[in-house]
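Each remark here refers to the structure printed beneath this line.
Each ligand, and each atom within it, is numbered from 1 in the order the structure gives. A quick note: this is a predicted structure, and the numbers were derived from the prediction, not measured.
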Amino acid sequence: MSFSTLGLDPSLLATLSALGYTEPTPVQLAAIPAALAGGDLLVSSQTGSGKTAAFLLPALQRLYKPSPLSGMGPRILVLTPTRELALQVQKSTHSYGNGQRMRTASVVGGMPYGLQLKLLSRPVDIVIATPGRLKDHMDRRTVNLGRVELLVLDEADRMLDMGFQEEIDAIVAKIPKQRQTLLFSATLEGIVGRLAQRVTKNAKRIAIARVAETKPDITQHALVADNHAHKVRMLDTLLREEEVDQTLVFTATKRAAEDLSGELLGKGFDVGALHGDMRQRERSQMLQRLRDGKMRVLVATDVAARGIDVPGINLVVNYDAPRQAEDYVHRIGRTGRAGRAGVAVTFLGAQDRHLVRQIERFTGNVVSMMVIPGLEPKNRAFGPINASGPRGRGAFASRALPGPATAANGREPSRRRGY
Ligand code: AMP
């Protein structure tokens, strides 16, 4: 399958080929022709599936024709849950729209109003916004949404999780009814389904299976942890594994992210923290250091880590287990980027007994229980853990590399289907 059959303009095809994209991902294959046809879409797809290009390419193609409406407001509005994701999408508009004359503005919380006011007071083609800040601008009458012809809701489930429902409804009410709406979400059920009913018309549903070909290579392990000190010792061991390039560590709270990064710093790691209490500038600097390879370990909270796309991350550690399987999928999707292999390791406390089954059911992947020799857990809530499985197979075991951890449930560490 190639991009050339999807109905995209030759100049966009040339850009994709320059980017080295040889074939569309499943979500792109299904969504691009449908979006170009002009109808509304409800797309269930995971992060890392190539969904950004699936909506941006049709969006950029739309800009080739002049707007029927005069005025200043954006023609395309993309709503995202976090500033990181918004900035990532904005960056993608420039890589996919290489050479195209277009004006973009990101309108996100945590950034000064001044620049946003300036950008919104001039003609702009694409606005990428988080709902809270965009609603502020609407209330101040500093943005005109009367020209929007394409509305994209990216990661709609997450926006609702974050409590943005009212803002989204208020924003949509100001957008002309004759628009096209593309809604992307990990799930289309429940509250997302109800939002979809309110904001789309005769939408076509596109379900991209969770077990997608685009993420084939994330090996997943779980380790039983007794307490904080045990977790730190296990993390220390994993971080010192030779094959580990860059690591993203998830904690449950902002405070824990700060504390753990301080502790790792004390152990000599190049480490930083990323969470929602930091100023945007600090967050951007932190991500840049990671991208530039100046930092090996980033300790982050769920929300702050969304949208991180750093190919060097080949280990994700769930220091605190995720609350639900969806969060797990988003977290581990930060590794295995750009076709590279990745490893995801989850530390399980006594209260996380059922999580592995839940994750396995949700993702269709196998998560193999492991122990690190010398760091066996005392916690028996999970039943006996047999540390004498196949020896010397590390967290990177499926790559047949030596390492300290051992498969504990008798199952081969998986290098199964991704999600
Ligand atoms: P996304 O799900 O939009 O965050 O995309 C995940 C990653 O896949 C990004 O690094 C994209 O640059 C990359 N990507 C998207 N589409 C393709 C494609 N057709 N071929 C190769 N890489 C792609």
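Residues K231 and D320 form a side-chain contact, since some pair of their non-hydrogen atoms from C-beta on lies under 4.5 Å apart. Residues R198 and I168 form no side-chain contact, since every pair of their non-hydrogen atoms from C-beta on lies 4.5 Å or further apart.
For atom 8 (O) of ligand 1, no protein non-hydrogen atom is found at a distance below 4.0 Å.
No side-chain N or O of E23 forms a donor-acceptor pair with one of S2 less than 3.5 Å apart. A donor-acceptor pair shorter than 3.5 Å can be found between the side chains of N365 and Q220.
Of all protein heavy atoms, the one closest to atom 16 (N) of ligand 1 is Q28 NE2, 2.8 Å. Scanning the protein heavy atoms around atom 4 (O) of ligand 1, the nearest turns out to be R337 NH2, 3.6 Å.
Near S49, with a cut-off below 4.0 Å to any heavy atom, the atoms of ligand 1 are 2 (O). Set against the non-hydrogen atoms of F3, the atoms of ligand 1 under 4.0 Å away are 19 (N). Distances below 4.0 Å separate heavy atoms of E23 from the following atoms of ligand 1: 18 (C), 19 (N), 20 (N). Each of the following atoms of ligand 1 lies closer than 4.0 Å to a heavy atom of D309: 9 (C), 10 (O).
The aromatic rings of Y21 and Y96 stand perpendicular to each other, their planes meeting at an angle above 60°, with 30° marking the opposite boundary.
Here the straight-line distance linking atom CD of E241 with atom OG1 of T247 works out to 9.5 Å at 0.5 Å rounding. To the nearest 0.5 angstrom, M138 atom CE is 7.0 Å from L134 atom CG.
By heavy-atom distance, the residue among F55, Y21, Y96 lying nearest atom 17 (C) of ligand 1 is Y21. Which of A54, G50, G20 comes nearest to atom 2 (O) of ligand 1 through a heavy atom is settled by distance: it is G50. Closest heavy-atom approach to atom 3 (O) of ligand 1 among the candidates I308, T25, T52, V27: T52.
In terms of polar-atom proximity, defined here as any N/O pair under 3.5 Å, T22 makes no such contact with ligand 1.
Of the possible polar contacts, none joining the T130 side chain to the G132 backbone as a donor-acceptor pair under 3.5 Å is found.
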